[in-house]
Number of protein chains: 2
Amino acid sequence: MTNPGEESDSFDLASFLPFLLNQAAEEASLAFQNVYKGRYGMLRTEWRVLSHLGMYGRMTAKDIGDRARVHKTKISRAVRRLEERRFLTRSPDEADRRSEILQLTPAGEAAYRDLSGVARDYDAQLAARFSPEDQALLRRMLRQLADRG
Amino acid sequence: MTNPGEESDSFDLASFLPFLLNQAAEEASLAFQNVYKGRYGMLRTEWRVLSHLGMYGRMTAKDIGDRARVHKTKISRAVRRLEERRFLTRSPDEADRRSEILQLTPAGEAAYRDLSGVARDYDAQLAARFSPEDQALLRRMLRQLADRG
DNA sequence: TATTGTTAGTTACAAAATCAACTAATAGGC
DNA sequence: GCCTATTAGTTGATTTTGTAACTAACAATA
């Protein structure tokens, strides 16, 4: 019979990277989530769409999905809600009539400016626990983990 | 009017920690998720419950929820499914009759041994991209981010 | 020992994510 | 041009999660 804590030769749940990453991600997302939820009633995917459009300018739903690695059905529904709330508009893509070009309205841009400001401060506050070198290293390692496994 | 990519003084979405952490967590969880899902039809919370019982031995639902930071309704449902599949049993807690002591069955322990072995290898593989010092630093930083904000 | 407050866990209902099927447009042969 | 395969995006059905309300047990105290 298995004796807990004994047979687990060298597997330590508390250090398991997927577990740690999830804990950290959830904790780090929480406070900022309350901001976009509280101020604009947005869900995470809506904030992602908004921030991509704000950051990179006009793009199609596919572009956003590829960049943010979000499934197209989630994008589709987030876009509809943002459109209903007048944060973005769609216009036909002349080059490919299956797609639509998405673009923030002035209201959408105002929300983006507001939220990205909060995000910048929040990020600085999160990172402030670590030395500048460690911060840079952390981001580099996370980026590498995010890139295909 | 906002000119994308220009007004965003110093906010870089691609370096935003909550975003990066989420991407890394999702990517890092994916392959292992396929294992417990494929082999045992488990959901993430079920794997978490199983791994906590396997790692730390008999505990109550509350104990698991506290350690894993998972809401009690999720734990409750995960426990029920694990019980239905005969991976764990409940027995009354003599000291507090509101609680039940959860414990893996031999089948549950076998699944835990199997999965924790895979997890150990998988973790090593994930971490292998970094030097031992960087690995240790990464885990330390993640643990700190996970600990209350 | 009543009374009030708290806690462990479950359940019901609402919100959201996932998956499959679908439409409309494009792309690549042939 | 015509046929088939692929792609962008939407919709509906199913599954999973989240929120609130609930039961039963415990704890503190007057």
Side-chain angles (χ1 to χ4, degrees), chain A residues 22-23 25-27 29-31 33-34 36-38 40-50 52-53 58-85 88-103, chain B residues 22-23 25-27 29-31 33-34 36-38 40-50 52-53 58-85 88-103:
Chain A
N22 258 295
Q23 303 273 75
E26 262 174 50
E27 193 59 47
S29 300
L30 190 64
Q33 188 168 37
N34 290 334
Y36 56 70
K37 194 173 175 180
Y40 301 98
M42 279 185 205
L43 301 173
R44 186 184 301 182
T45 307
E46 293 163 48
W47 152 246
R48 287 221 178 150
V49 169
L50 183 95
H52 274 74
L53 288 171
R58 309 150 42 91
M59 28 189 347
T60 68
K62 168 116 181 49
D63 295 335
I64 300 175
D66 287 349
R67 285 226 201 205
R69 306 228 202 132
V70 175
H71 193 266
K72 59 183 181 174
T73 62
K74 273 169 88 170
I75 299 281
S76 172
R77 286 167 169 131
V79 165
R80 187 176 54 200
R81 282 202 289 255
L82 288 170
E83 188 189 27
E84 284 164 3
R85 290 171 200 177
L88 63 77
T89 56
R90 316 180 194 224
S91 53
D93 181 347
E94 301 301 339
D96 184 342
R97 277 173 306 175
R98 289 171 303 181
S99 304
E100 288 170 311
I101 306 286
L102 307 174
Q103 182 170 16
Chain B
N22 258 295
Q23 302 274 77
E26 262 174 53
E27 192 60 46
S29 299
L30 190 63
Q33 188 168 38
N34 289 336
Y36 56 68
K37 194 173 177 182
Y40 301 99
M42 279 184 204
L43 266 25
R44 186 184 303 182
T45 308
E46 292 163 47
W47 152 245
R48 287 218 180 154
V49 168
L50 183 94
H52 275 74
L53 289 172
R58 307 151 43 90
M59 33 193 337
T60 68
K62 168 120 183 45
D63 295 333
I64 299 175
D66 287 349
R67 285 228 203 203
R69 304 228 205 132
V70 175
H71 194 267
K72 60 183 180 174
T73 62
K74 271 169 92 171
I75 300 282
S76 172
R77 292 191 259 241
V79 165
R80 187 177 51 201
R81 288 165 72 159
L82 288 170
E83 189 190 27
E84 283 166 2
R85 289 171 201 181
L88 63 77
T89 55
R90 316 180 195 224
S91 54
D93 181 348
E94 301 300 340
D96 184 343
R97 277 174 306 173
R98 290 171 301 181
S99 305
E100 289 171 311
I101 307 285
L102 306 174
Q103 183 168 14

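If you're wondering where the values come from, they're calculated on a predicted model, not measured in any experiment. We use all heavy atoms of the structure for the numbers below, so side chains are in, but hydrogens, waters and symmetry mates are not.
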Practice task
Under the side-chain hydrogen bond (donor to acceptor under 3.5 Å, both in side chains) rule, collect the residues that match up with B:T73, sequence neighbours excluded.
Solution key: B:H71
Exercise for the section: Not counting sequence neighbours, which residues clear side-chain hydrogen bond (donor to acceptor under 3.5 Å, both in side chains) with B:Q33? List them please. Expected result: none
Fill in the blank from the handout: Per-nucleotide protein contact along nucleotides 17-26 of chain C, 5' to 3', at a 4.0 Å heavy-atom cut-off (B base, S sugar-phosphate only, - neither), is -BBB---BBS
Exercise for the section: Mark yes or no for whether A:R85, through its side chain, and A:G41, through its backbone, hold a donor-acceptor pair below 3.5 Å. Expected result: yes
Problem - Axis deviation across the helix from C:dT1-D:dA30 to C:dC30-D:dG1, five-pair ends, to the nearest 10° - result: 20°
Practice task
Kindly say if B:S76 contacts the phosphate of C:dT10, meaning a side-chain N or O under 4.0 Å from OP1 or OP2.
Solution key: yes
Exercise for the section: Answer yes when B:R69 and A:E26 have at least one side-chain N-carboxylate O distance shorter than 4.0 Å, and no when they do not. Expected result: no
Where [X] and [Y] come nearest, the two heavy atoms and their spacing:
{"X": "B:R48", "Y": "A:N22", "answer": "NH2-CB, 3.5 Å"}
{"X": "A:M42", "Y": "A:E46", "answer": "CA-OE1, 3.8 Å"}
{"X": "B:P92", "Y": "B:I101", "answer": "O-CG1, 4.3 Å"}
{"X": "A:L53", "Y": "A:L88", "answer": "CD1-CD2, 3.8 Å"}

Distance-only check: which donor-acceptor pairs under 3.5 Å involve side-chain atoms of residues 60-68 of chain B, not counting sequence neighbours?
unit_1, atom_1, unit_2, atom_2, d
B:T60, OG1, B:K62, N, 3.4
B:T60, OG1, B:D63, N, 3.2
B:T60, OG1, B:D63, OD2, 3.1
B:K62, NZ, B:D66, OD1, 3.0
B:K62, NZ, B:D66, OD2, 2.6
B:D63, OD2, B:T60, N, 3.1

Problem - Boundaries of the chain B footprint along DNA chain D (any atom under 4.0 Å from a heavy atom) - result: D:dT16 to D:dC26
Practice task
Report the distance from atom OG1 of B:T45 to atom CZ of B:R77, rounding to the nearest 0.5 Å.
Solution key: 10.0 Å
